[in-house]
Amino acid sequence: MPIYEYECRKCKERFEVIQGINEDTTALQCPKCMADKPKRVLSGFYSTSGKSTGLSCGPTSST
Ligand SMILES: [Zn+2]
């Protein structure tokens, strides 16, 4: 499945979204500030190593 990168228009948070072809993208929200309608970012080529590119979207452990 393709991975798209989005940038929040409000807080500039960047996050990746895995989407199917028929997935509705209009309901996307920034994971940080919950603002809607993030901007699609075309970041060129992805390294297909399976690792994320250092984005801060890891699990939120509260300890
Ligand atoms: Zn945001």
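If you're wondering where the values come from, they're calculated on a predicted model, not measured in any experiment. First listed ligand is number 1; within each ligand, the first listed atom is number 1.
Atom NZ of Lys39 is separated from atom SG of Cys8 by 10.0 Å, given to the nearest 0.5 angstrom.
The one candidate from Lys37, Glu13, Lys10, Arg9 that meets the side-chain contact (heavy atoms from CB on, under 4.5 Å) condition with Cys30 is Glu13.
Between Tyr6 and Leu28 the shortest heavy-atom distance is CZ-CD1, 3.4 Å. The nearest pair of heavy atoms linking Pro31 to Phe15 is CD-CD2, 3.3 Å.
Excluding waters, the set of protein N/O/S atoms under 2.8 Å from the Zn ion (ligand 1) reads Cys8 SG, Cys11 SG, Cys30 SG, Cys33 SG.
Residues passing the side chain to side chain contact (heavy atoms under 4.5 Å, CB included) test with Lys12 are Glu7, sequence neighbours excluded.
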